[in-house]
A.B. asks: 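This structure is in structure tokens; I'll ask about it shortly.
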Amino acid sequence: MMCCGIKNMAVNSGSGRKKSVIRFIALAIFVCIVTTSLLSSASILTHADHEHDHNGPNNTCATCAQIAAAENILKRLSTALAVAAIAIVDTFALIAQLRADSPQQVFTTLVGLKVRLNN
């Protein structure tokens, strides 16, 4: 009898630990994305007015190539985040609409009707 209780307790604590690990990983990914976005924006702003050296491949400016790559990443990331935000909002709106349209079950009880049963 004790063995089953210990086993159930171990299973329940494992699922809670798994959820916290998943949340931590999601938070770490979010922090990395935000940090990358901020550092890319800072790099673009600090190197926007630079001197062209033309020592890159095909006599192009290496700094301009890096700025263009950072701008491209930020554009793609912002587009992906906008699409994800719209999808989340639509999902919540759909769930709210489904809950509003579903009939609510109302349970009437003797206590709710204030019926006295003392004969």
Side-chain angles (χ1 to χ4, degrees):
M1 191 73 172
M2 290 288 265
C3 179
C4 295
I6 293 171
K7 184 178 179 182
N8 288 339
M9 199 166 51
V11 170
N12 290 340
S13 66
S15 65
R17 194 175 313 133
K18 185 177 180 181
K19 286 182 183 179
S20 65
V21 169
I22 291 173
R23 288 181 182 170
F24 178 75
I25 291 171
L27 179 66
I29 290 171
F30 173 75
V31 168
C32 288
I33 289 173
V34 169
T35 304
T36 303
S37 299
L38 291 175
L39 291 175
S40 296
S41 298
S43 175
I44 291 171
L45 290 175
T46 57
H47 294 97
D49 190 26
H50 67 281
E51 293 183 23
H52 296 276
D53 57 359
H54 300 292
N55 292 331
N58 298 329
N59 289 331
T60 59
C61 180
T63 307
C64 289
Q66 292 296 323
I67 289 174
E71 286 175 346
N72 189 15
I73 289 172
L74 287 175
K75 285 179 187 176
R76 288 183 184 202
L77 186 62
S78 64
T79 303
L81 290 176
V83 169
I86 290 171
I88 290 172
V89 168
D90 286 346
T91 302
F92 285 137
L94 180 64
I95 290 172
Q97 185 66 31
L98 290 175
R99 288 186 136 195
D101 290 342
S102 67
Q104 298 289 328
Q105 290 183 347
V106 178
F107 296 106
T108 56
T109 63
L110 294 175
V111 175
L113 296 173
K114 296 184 180 179
V115 173
R116 293 185 66 174
L117 297 175
N118 55 354
N119 284 337

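Everything quoted here is computed from the prediction, not taken from an experiment. We number each residue from 1, following the sequence as shown. We use all heavy atoms of the structure for the numbers below, so side chains are in, but hydrogens, waters and symmetry mates are not.
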A.B. asks: Using atom types as modelled and distance alone, determine if a side-chain donor or acceptor of Ser37 lies under 3.5 Å from a backbone N or O of Ile33.
C.D. replies: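 It does hold such a pair.
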
A.B. asks: Drop me the distance from Ile67's CD1 to Ser40's OG, to the nearest 0.5 angstrom.
C.D. replies: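 Here the interatomic distance stands at 11.5 Å.
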
A.B. asks: Going by the side-chain contact (heavy atoms from CB on, under 4.5 Å) test, name the single residue among Val89, Val83, Ile88, Asp90 that passes it with Ile86.
C.D. replies: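 It is Asp90; the other options fail the test.
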
A.B. asks: Please check if Leu77 and Val31 belong to a single hydrophobic cluster, counting links between Ile, Leu, Val, Met, Phe, Trp and Tyr side chain heavy atoms closer than 4.5 Å.
C.D. replies: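 Not linked; separate clusters.
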
A.B. asks: Using the rule given for side-chain contact (heavy atoms from CB on, under 4.5 Å), can you reason through Leu74 versus Ile44, listing the C-alpha separation, both sets of side-chain angles and the distance that settles it, and then say yes or no?
C.D. replies: CA-CA 11 Å; Leu74 287 175; Ile44 291 171; 3.8 Å; yes

A.B. asks: Could you give the distance from CD1 (Ile22) to CG (Leu27), rounded to the nearest 0.5 Å?
C.D. replies: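 Here the interatomic distance stands at 14.0 Å.
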
A.B. asks: Among residues two or more places apart or on two chains, list those pairs meeting ring pair (Phe, Tyr, Trp, His ring centres under 6.0 Å) that have a residue in residues 20-47.
C.D. replies: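 Of all non-adjacent pairs touching residues 20-47, none passes ring pair (Phe, Tyr, Trp, His ring centres under 6.0 Å).
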
A.B. asks: Yes or no on side-chain contact (heavy atoms from CB on, under 4.5 Å) for Cys61 and His50, after CA distance, side-chain angles and deciding distance?
C.D. replies: CA-CA 10 Å; Cys61 180; His50 67 281; 3.3 Å; yes

